[in-house]
Undergrad: 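What follows is a structure written as C-alpha cells; I'll ask about it next.
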Number of protein chains: 2
Amino acid sequence: MARGARSREEVLAAAAELVKRQGPDALTMRRLAAGLGTAVTSIYWHVGGREALLDALVERTVADLGEIRPRGRTPEQRVVSVARALRRQLRDHPHLVALVHERGLTDRMFLPAQQALVREAHAAGLRGGRAAEFVRAVQFQVVGHVLVERNRERAPAQHPGGEELWRAEAAGDDPALARALSRPPAADRLFATSVRALVRGLLAGDGG
Amino acid sequence: MARGARSREEVLAAAAELVKRQGPDALTMRRLAAGLGTAVTSIYWHVGGREALLDALVERTVADLGEIRPRGRTPEQRVVSVARALRRQLRDHPHLVALVHERGLTDRMFLPAQQALVREAHAAGLRGGRAAEFVRAVQFQVVGHVLVERNRERAPAQHPGGEELWRAEAAGDDPALARALSRPPAADRLFATSVRALVRGLLAGDGG
DNA sequence: ACCTGAACACCGTTCAAGT
DNA sequence: ACCTGAACACCGTTCAAGT
C-alpha cells in the first residue's frame with residue numbers, strides 16, 4: 001500500500017478531482033486516502049482536517065477564475081456580455097463555486113466582474129450609489145439565476161411537474177401561455193431576456 | 001426511557017422542529033429518537049428512513065404555504081407586491097424551502113404565485129409565450145435573489161470582505177461608489193429596485 | 001401493531017508510535 | 001519529516017426478537 005512521500009499538492013489535486021466529478025459529499029477523508037494509497041491519517045499531516053482541505057480548494061478556485069472581457073458596443077451589450085461570461089464561469093464549476101460561496105469568498109471571486117460592471121455603469125452615466133446599486137443588481141441577478149438553474153437541474157424528475165399542473169389549471173383562457181408554462185423554461189433565453197430587461201430598467205428608470 | 005405509543009405525527013412534528021431550528025444537518029435519526037425518548041429503530045417503523053422522513057416534511061411545507069394576495073393599483077405595483085410576499089415566505093422558512101427545492105417540488109409550491117403573476121401579466125397586456133416568460137423571469141429573480149441573500153447571510157465574516165477590497169482597488173475616480181460597494185448591500189432596497197427594474201424592462205421592451 | 005438492542009458499514013478526528 | 005494503525009464518537013440502516 002504505502003508508497004513514498006506524497007506532497008500537499010498531490011493531495012489537493014486528488015481532492016479537487018473528487019469534488020469536480022462527484023461533488024463535495026464524495027470527498028471523504030477515507031476515500032481520498034484510499035485513492036492516494038495512503039493511510040487516512042497522513043492526509044491530516046499534509047493539509048490538516050477536512051475543513052482545512054476545503055479551504056485550500058476554495059483558495060485555488062478563487063485564484064484560477066479567469067478574466068472577464070466585456071464585448072459589444074453599447075454599455076447594455078457589454079453588461080450583457082459580462083453577465084453571460086459570469087454565468088458560464090459559474091455553470092462550468094458548480095461544485096467548486098458552491099464551496100467558495102459557503103466559505104464567504106464570493107466577493108473576492110467576483111471582484112474582476114464587479115470592476116468590469118463599474119466601468120460600464122460609468123460609461124452609461126451612473127455614478128456613486130446609483131452605480132453601486134447597478135453593479136450589485138446585475139451581480140445578484142446573474143448569481144441568483146444560476147443558483148435557480150442549478151437547483152432545477154439537480155432536482156430529480158419534478159413530482160407533479162409543471163406540465164400536469166398547468167394542464168389541469170385554468171390559465172385565464174390563454175392556452176398558449178398554459179402550453180409555455182407546461183414546458184421547462186429555456187434557460188439561455190430566459191437568462192438573456194431577464195438580464196436585458198433588468199439592465200434597461202436600471203438604466204432608464206429613476207422612479208422610487 | 002420507553003413511553004407508550006408514538007404516532008407518525010409526533011415524529012414529523014419533532015423532525016420539523018429540529019429542521020426549523022438547526023437546519024437539515026441537525027436532523028439525525030439518533031438525535032430525533034433521543035428527543036422523543038424512543039429507540040432509533042422505532043422511527044423507521046413510523047416514517048421509514050431518513051429520506052422518507054424528509055419527503056414527508058416537504059409535503060407538509062408545500063401544503064402549508066399561504067396564499068398570495070397581490071396589492072396595489074397598477075400591474076407593476078401588484079407584481080412587486082407578489083414578489084415581496086414570495087420573498088418573505090422564502091426567507092421565513094429557509095431550511096424547509098431548501099428541502100422543497102432539493103426534492104423537486106418547487107414548481108408545485110410556487111403554483112399560487114405563478115397564477116397571481118399570470119393574472120398581472122394579462123392585465124398588463126402580455127399573452128402567450130411573452131406572458132410565460134414574464135412570469136418566469138419574475139419567479140427566477142425572486143428565488144435567485146433570496147438564494148443569494150441566504151448564502152451571504154450564512155457566509156461567516158467574509159475573508160477579505162468587500163470592504164478592504166474596494167478600499168484598495170481603483171474605482172474609476174468615484175469615491176462614493178467605492179464607499180457604497182465597501183458596505184454590505186441593503187438587501188431590501190436592492191431587492192425592490194431590482195424587481196421594479198426587471199418588471200419595467202419586461203413590460204416596456206420588445207427588443208431582441 | 002409497535003418497540004427493542006445488536007450489528008454492519010460508514011464518517012471525521014486524535015493520539016501514540018514507528019521510521 | 002513523514003506515515004502508520006488503533007481508538008473514539010458519531011452516522012444511517014437492517015434484522016431478528018420481543019410484547
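Quick note on labels: first sequence line is chain A, next is B, and so on, each numbered from 1. All values below were derived from every heavy atom in this structure, side-chain atoms included, with hydrogens, water molecules and symmetry-related copies excluded. No experiment lies behind these values; they were computed from the predicted model shown.
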Undergrad: Okay, side chain of B/Arg21, backbone of B/Ala26: is any donor-acceptor separation there less than 3.5 Å?
TA: no
Undergrad: Look at the side-chain N and O atoms of B/Ser42 and state whether any lies under 4.0 Å from the OP1 or OP2 oxygen of C/dC2.
TA: no
Undergrad: With DNA chain D as reference, determine whether A/Ile43 or B/Glu51 sits nearer its 5' end, using the nearest nucleotide of each.
TA: A/Ile43
Undergrad: Identify the nucleotide, in any strand shown, that forms a Watson-Crick or G-U wobble pair with C/dC2, with both distances under 3.5 Å; if there is none, say none.
TA: D/dG18
Undergrad: Choosing from D/dT4, D/dC11, C/dG12, which nucleotide comes nearest the side chain of B/Arg30?
TA: D/dC11
Undergrad: Paired with C/dC8: which nucleotide, if any, by Watson-Crick or G-U wobble criteria at under 3.5 Å for both distances?
TA: D/dG12
Undergrad: Side-chain contact, heavy-atom cut-off 4.5 Å: A/Val148 with A/His145?
TA: no
Undergrad: Please report the distance, rounded to the nearest Å, between CG in B/Leu32 and P in D/dC10.
TA: 17 Å
Undergrad: Any side-chain heavy-atom pair from A/Glu59 and A/Arg103 closer than 4.5 angstrom?
TA: no
Undergrad: Within the structure shown, what part of the strands sits under 4.0 Å from A/Thr28 by heavy-atom distance: base, sugar-phosphate, or nothing?
TA: sugar-phosphate
Undergrad: Once you round it to whole Å, what is the distance between P of D/dC11 and OH of B/Tyr44?
TA: 11 Å
Undergrad: Whole Å only: how far is the CG atom of A/Leu36 from the P atom of D/dC3?
TA: 10 Å
Undergrad: Of all the choices, C/dT4, C/dC3, D/dA1, which nucleotide is nearest to the side chain of A/Trp45 once you look at every atom?
TA: D/dA1
Undergrad: Can you tell me how far CZ of B/Arg91 sits from CG of B/Leu86, rounded to the nearest 0.5 angstrom?
TA: 13.0 Å
Undergrad: Are any of the side-chain heavy atoms of B/Arg60 and B/Leu12 separated by less than 4.5 Å?
TA: yes
Undergrad: So, is B/Thr38 close to the C/dC3 phosphate, meaning a side-chain N or O under 4.0 Å from OP1 or OP2?
TA: no
Undergrad: Ignoring backbone atoms, establish whether A/His46 has a side-chain N or O less than 4.0 Å from OP1 or OP2 of D/dA1.
TA: no
Undergrad: The side chain of A/Met29 lies closest to which of these nucleotides: C/dT13, C/dA1, D/dT4?
TA: C/dT13
Undergrad: At 4.0 Å (heavy atoms only), tell me whether A/Leu27 reaches a base, stays on the sugar-phosphate, or touches nothing.
TA: sugar-phosphate
Undergrad: By nearest atom, which of the nucleotides C/dC15, C/dC11, D/dT14 is closest to the B/Thr41 side chain?
TA: D/dT14
Undergrad: In whole Å, what is the span from the CZ atom of A/Arg50 to the P atom of D/dA9?
TA: 22 Å
